[in-house]
Visitor: 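So that we are looking at the same thing, I have put the structure below in structure tokens.
Counting begins at 1 with the first residue of the sequence. Keep in mind the model is a prediction, meaning the values are calculated, not measured.
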Amino acid sequence: MGTMKINPEHEFDGQLSINTSSSRLLDPEEFRRQGHMVVDFLADYFQNIEKYPVRSQVEPGYLKKILPDSAPNKPEPIEKILEDVERDIFPGLTHWQSPNFFAYFPCTSSTAGILGEMLSAGLNVVGFSWIASPAATELESIVMDWLGKMINLPKTYLFSGGHGGGGVIQGTTCEAMLCTIVAAREQMLEKVGRENIDKLVVYASDQTHVSFEKAVKISGIKLENFRIIPTTKDTEFALDPISLSRIIEQDIKSGFIPLFMCATIGTTSTTVVDPLKLLCEITKDYGIWVHVDAAYAGGACICPEFQHFLDGIENANSFSFNAHKWLFSNLDCCCLWVKDPSALTNALSTRPEYLRNKATDTEQVVDYKDWQLSLSRRFRALKLWLVLRSYGIDNLRNFIRSHVKMAKHFEQLVSIDERFEIVAPRNFSMVCFRVSPLALGNKQVNKFNMELLESINSCGNIHMTHALVGGVYMIRFAIAAPLTEYKHIDMAWEVICNHANAMLDAN
């Protein structure tokens with residue numbers, strides 16, 4: 001493990017150098033001094049990040065063994081705390097910004113994203129309503145329109161579109177899904193009566209992210225009314241419109257009320273794209289709310305060559321993607337657009353006397369507290385604004401295209417080795433592969449690939465995760481870390497081959 005050096009000017013000499021007076025919790029000069037130290041610490045971390053095992057190698061409960069039982073009674077200096085971060089905390093981190101991190105989906109950082117977080121944290125405004133910080137609300141509305149235009153969303157989703165739509169920054173996809181389910185639920189119950197809540201039905205494929213199931217649970221929809229539609233290899237594991245139509249018809253005949261469907265652009269397991277246009281043609285006849293989840297792949301849609309995946313979005317009701325996944329905006333930053341914001345506000349708004357103000361009462365402004373689950377909210381728009389301005393659309397597109405090109409390169413490396421096979425089409429910057437059954441003879445294919453992945457991850461050089469689709473265990477190689485270059489792709493392939501060779505030779 002590498003050791004980062006604290007600037008000699010900042011070395012801890014055993015003496016407390018912090019003003020401990022309770023009246024000086026926010027001392028400008030002390031903030032300046034410590035802030036420089038933390039920025040230097042992080043810069044050194046990024047510079048040396050490849051020295052650390054990508055996946056944490058610790059055992060459960062490791063930290064409890066080395067930290068005290070209680071908080072200190074006396075203040076401790078930042079120098080000592082940073083030393084402890086490196087010694088005690090770093091071993092328990094999986095390094096998501098490592099150029100050798102290819103697991104899950106990315107959670108990307110950038111200089112602008114980090115500095116935007118710093119600005120937001122420093123200003124620390126609570127923009128639950130327009131009056132609480134007008135700039136926070138207005139900037140969010142503006143950047144959501146900017147981003148909507150970048151991915152070519154229909155004007156019906158934009159504040160500036162003249163059709164009543166708009167966007168809001170949530171924390172995560174689960175929040176966006178829950179807000180839209182609750183909005184759809186309230187809208188439907190106003191029509192059919194609250195006594196019919198147990199008849200409401202929601203639809204998704206077996207490839208839809210588990211966040212949707214969690215949102216359904218919280219929303220009060222009965223879990224037995226959650227229709228999980230099986231996918232097959234024939235449709236590349238996308239949601240089949242014919243299967244959806246058949247199940248909806250069965251529900252209607254049985255007295256159920258179709259409420260909500262979640263379609264996915266870029267599923268978690270294989271990045272498959274549901275046929276949105278065909279699905280919306282079916283749901284429109286039943287008044288079903290359609291939410292489109294593009295948590296990972298939505299970022300790619302700032303590139304015109306990926307925007308065809310959104311065909312049909314004009315007939316959906318809401319759309320979300322995570323700018324913290326593939327648009328370099330740091331966790332958390334889930335962007336949600338809705339055609340009819342009144343559906344959200346009717347379901348989620350509260351009007352206590354202590355929050356009343358002239359702007360709200362005259363309905364001249366957006367109060368984002370009524371577009372989300374919680375009352376308080378962070379100034380996330382500032383971070384997104386910095387990212388969009390600091391890099392510009394052209395550079396952001398180039399970053400994404402570079403990741404896609406690296407994925408194509410990795411795909412070629414896999415394809416030319418007869419021992420391996422690609423097991424799902426590559427749509428974006430993730431490749432799904434495995435050691436082929438042909439290379440294993442009578443060995444259990446899934447078991448071998450499972451053991452291969454664990455062997456690779458345990459070495460700490462690279463980190464990948466898996467999926468199980470249609471009974472096939474596959475290894476997912478997702479590229480989007482901000483520091484990844486072609487040399488890291490080649491090194492990763494070498495690591496994969498070395499481990500595969502050792503296991504094949506041993507068997």
Visitor: Should F410 and F433 be marked as a ring pair (Phe, Tyr, Trp, His ring centres under 6.0 Å) after you check the CA-CA gap, both sets of side-chain angles, and the distance that decides it?
Guide: CA-CA 10 Å; F410 181 80; F433 71 102; 5.4 Å; yes
Visitor: Does a salt bridge link E117 with R380, judged by any charged N lying under 4.0 Å from a carboxylate O?
Guide: no
Visitor: Could you measure the distance from the NE2 atom of H499 to the CD atom of E494? Nearest 0.5 Å is fine.
Guide: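 It comes to 10.5 Å.
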Visitor: Under a 4.5 Å cut-off applied to non-hydrogen side-chain atoms, are M150 and L388 in contact?
Guide: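 In contact.
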Visitor: For the residue pair Y45 and H95, does the interplanar ring angle fall in the parallel (under 30°), tilted (30 to 60°) or perpendicular (over 60°) class?
Guide: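 Answer is tilted, since the angle falls between 30° and 60°.
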Visitor: For T271, does its backbone N or O pair with a side-chain atom of N427 as donor and acceptor, under 3.5 Å?
Guide: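 Such a contact is found between N427 side chain and T271 backbone.
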Visitor: Is the F102 to H463 ring centre distance short of 6.0 Å?
Guide: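 Ring centres of H463 and F102 not closer than 6.0 Å.
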Visitor: Are N461 and V54 close enough that some pair of their side-chain heavy atoms sits under 4.5 Å apart?
Guide: no
Visitor: Can you tell me how far CG of L452 sits from CD1 of I496, rounded to the nearest 0.5 angstrom?
Guide: 7.5 Å
Visitor: If you look at every heavy atom in I49 and S98, which pair is closest and at what distance?
Guide: CD1-N, 3.5 Å
Visitor: Sub-3.5 Å donor-acceptor pair from the side chain of K339 to the main-chain atoms of L158, do we have one?
Guide: no
Visitor: Evaluate salt bridge (charged side-chain N to carboxylate O under 4.0 Å, His left out) for K253 paired with E249, printing each intermediate quantity in order.
Guide: CA-CA 6 Å; K253 289 177 182 178; E249 286 292 339; 5.4 Å; no
Visitor: May I ask you to establish whether R397 and F306 are in a cation-pi arrangement, using a distance under 6.0 Å from NZ or CZ to the six-membered ring centre and at most 45° from the ring axis?
Guide: no
Visitor: I'd like to know if K277 and E281 make a salt bridge, using a cut-off of under 4.0 Å between side-chain N and carboxylate O.
Guide: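 No salt bridge links K277 with E281.
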Visitor: Taking only Lys NZ, Arg NE, NH1 and NH2, and the carboxylate oxygens of Asp or Glu, determine whether E140 and R377 approach each other closer than 4.0 Å.
Guide: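 Here E140 pairs with R377 in a salt bridge, since their nearest N and O are under 4.0 Å apart.
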Visitor: When the ring centroid of Y296 is compared with that of F321, is the distance short of 6.0 Å?
Guide: no
Visitor: Assess the side chains of S205 and Q207: does a donor N or O sit below 3.5 Å from an acceptor N or O?
Guide: no
Visitor: Side chains of N100 and T484: closer than 4.5 Å at any heavy-atom pair?
Guide: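 They are not in contact (no side-chain heavy atoms under 4.5 Å apart), so the answer is no.
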Visitor: Using a 3.5 Å distance criterion without hydrogens, assess whether the side chain of S245 forms a donor-acceptor pair with backbone atoms of P241.
Guide: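 Not at all, since once roles are kept as given, no pair shorter than 3.5 Å links the two residues.
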Visitor: When you measure from the side chain of K369 to the backbone of G127, do you find a donor-acceptor pair of N or O atoms at a distance under 3.5 Å?
Guide: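 The answer is no, because no donor-acceptor pair under 3.5 Å joins these two groups.
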Visitor: Assess the pair Y473 and H466: is the distance between their ring centroids shorter than 6.0 Å?
Guide: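 For Y473 and H466, the ring centres are under 6.0 Å apart.
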Visitor: Any carboxylate oxygen within less than 4.0 angstrom of a Lys/Arg side-chain nitrogen, looking at K214 and E175?
Guide: no
Visitor: Atom CD1 of I114 and atom CZ of F328: how far apart are they, to the nearest 0.5 Å?
Guide: 13.0 Å
Visitor: With no hydrogens and no angle check, just 3.5 Å: does a side-chain donor-acceptor pair link D145 and S160?
Guide: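 Checked: D145/S160 side chains pair up, N/O donor to acceptor below 3.5 Å.
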Visitor: Can a cation-pi geometry be assigned to R476 and F105, taking NZ or CZ under 6.0 Å from the six-membered ring centre and within 45° of the ring axis?
Guide: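 R476 over F105 ring: yes.
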Visitor: Does G165 offer a backbone N or O that forms a donor-acceptor pair with the side chain of H163 under 3.5 Å?
Guide: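 Here the side-chain-to-backbone pair does not exist.
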Visitor: Closest heavy-atom contact between S458 and R55?
Guide: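 Looks like OG-NH2, 3.6 Å.
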Visitor: Return the NE2 to SG distance between H291 and C179, rounded to the nearest 0.5 Å.
Guide: 10.0 Å
Visitor: Against V272, only a single residue in T231, T235, T267 fulfils side chain to side chain contact (heavy atoms under 4.5 Å, CB included); can you say which?
Guide: T267
Visitor: Please check if any side-chain donor atom of H324 sits under 3.5 Å from a side-chain acceptor atom of S329, or the reverse.
Guide: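 Result is no, nothing qualifies.
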Visitor: Is any side-chain heavy atom of S415 less than 4.5 Å from a side-chain heavy atom of I422?
Guide: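 When only atoms from C-beta onward are counted, I422 and S415 do touch, with a gap below 4.5 Å.
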Visitor: For V216, does its backbone N or O pair with a side-chain atom of S219 as donor and acceptor, under 3.5 Å?
Guide: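 Yes, the answer is positive, given that a donor and an acceptor are paired below the 3.5 Å cut-off.
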Visitor: Quick one: does any side-chain atom of D274 pair with a main-chain N or O of L276 as donor and acceptor, under 3.5 Å?
Guide: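 No.
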Visitor: Determine yes or no for a side-chain-to-main-chain donor-acceptor pair under 3.5 angstrom, with Q307 supplying the side chain and C301 the backbone.
Guide: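 At least one qualifying donor-acceptor pair exists.
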Visitor: In terms of heavy-atom contacts, does OH of Y104 have more than 12 from other residues, nucleotides or ligands at under 6.0 Å?
Guide: no
Visitor: Do Y286 and I248 make a side-chain contact, defined as non-hydrogen atoms from C-beta onward lying under 4.5 Å apart?
Guide: yes
Visitor: Side chains of W371 and Q170: donor-acceptor distance under 3.5 Å anywhere?
Guide: no
Visitor: Given ring pair (Phe, Tyr, Trp, His ring centres under 6.0 Å), test F159 with W337 step by step and report yes or no.
Guide: CA-CA 10 Å; F159 287 107; W337 290 266; over 10 Å; no
Visitor: Rounded to the nearest 0.5 Å, what separation is found between the OG atom of S402 and the CE atom of M406?
Guide: 4.5 Å
Visitor: How far apart are the closest heavy atoms of D206 and I228, and which atoms are they?
Guide: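 In terms of heavy atoms, the two residues are closest at CA-CG2, 3.6 Å.
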Visitor: Within the 3.5 Å criterion, strictly below it, is a donor on S109 or N330 matched to an acceptor on the partner's side chain?
Guide: yes
Visitor: Are there over 12 heavy-atom neighbours, none belonging to I242, within less than 6.0 Å of that residue's CD1?
Guide: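 No, the 6.0 Å shell around CD1 holds no more than 12 heavy atoms from other groups.
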Visitor: Can you name the nearest heavy-atom pair linking S56 to T94, along with the distance?
Guide: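 Nearest pair, atom of S56 first, then T94: N-OG1, 3.1 Å.
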Visitor: Minimum heavy-atom separation for T108 and A480, please, with both atom names.
Guide: CG2-O, 3.2 Å
Visitor: Anything under 30° is parallel, anything over 60° is perpendicular, the rest tilted; go ahead and classify F428 against F309.
Guide: tilted
Visitor: Is it the case that T208 and D293 place a side-chain donor and acceptor less than 3.5 Å from each other?
Guide: no
Visitor: Any carboxylate oxygen within less than 4.0 angstrom of a Lys/Arg side-chain nitrogen, looking at R419 and D417?
Guide: yes
Visitor: Please tell me whether F212 and Y203 form a close aromatic pair, meaning their ring centres lie under 6.0 Å apart.
Guide: no
Visitor: List the atom of V435, the atom of V445, and the distance in Å for their closest heavy-atom pair.
Guide: O-CG1, 3.9 Å
Visitor: So which of K199, R227, R246 actually passes salt bridge (Lys or Arg N to Asp or Glu O under 4.0 Å) with D251?
Guide: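 Among the candidates, only R227 passes.
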Visitor: Does a sphere of radius 6.0 Å around CD in E195 hold more than 12 heavy atoms from other residues, nucleotides or ligands, not counting ones at 6.0 Å or beyond?
Guide: yes
Visitor: Counting distance only, does the side-chain N/O of S320 pair as donor-acceptor with the main-chain N or O of C335 below 3.5 Å?
Guide: no
Visitor: Hey, does I302 have a side-chain heavy atom less than 4.5 Å from the side chain of I400?
Guide: yes
Visitor: Decide yes or no for V182 and L178: does some side-chain heavy atom of the first lie under 4.5 Å from some side-chain heavy atom of the second?
Guide: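 The answer is yes; the side chains approach within 4.5 Å.
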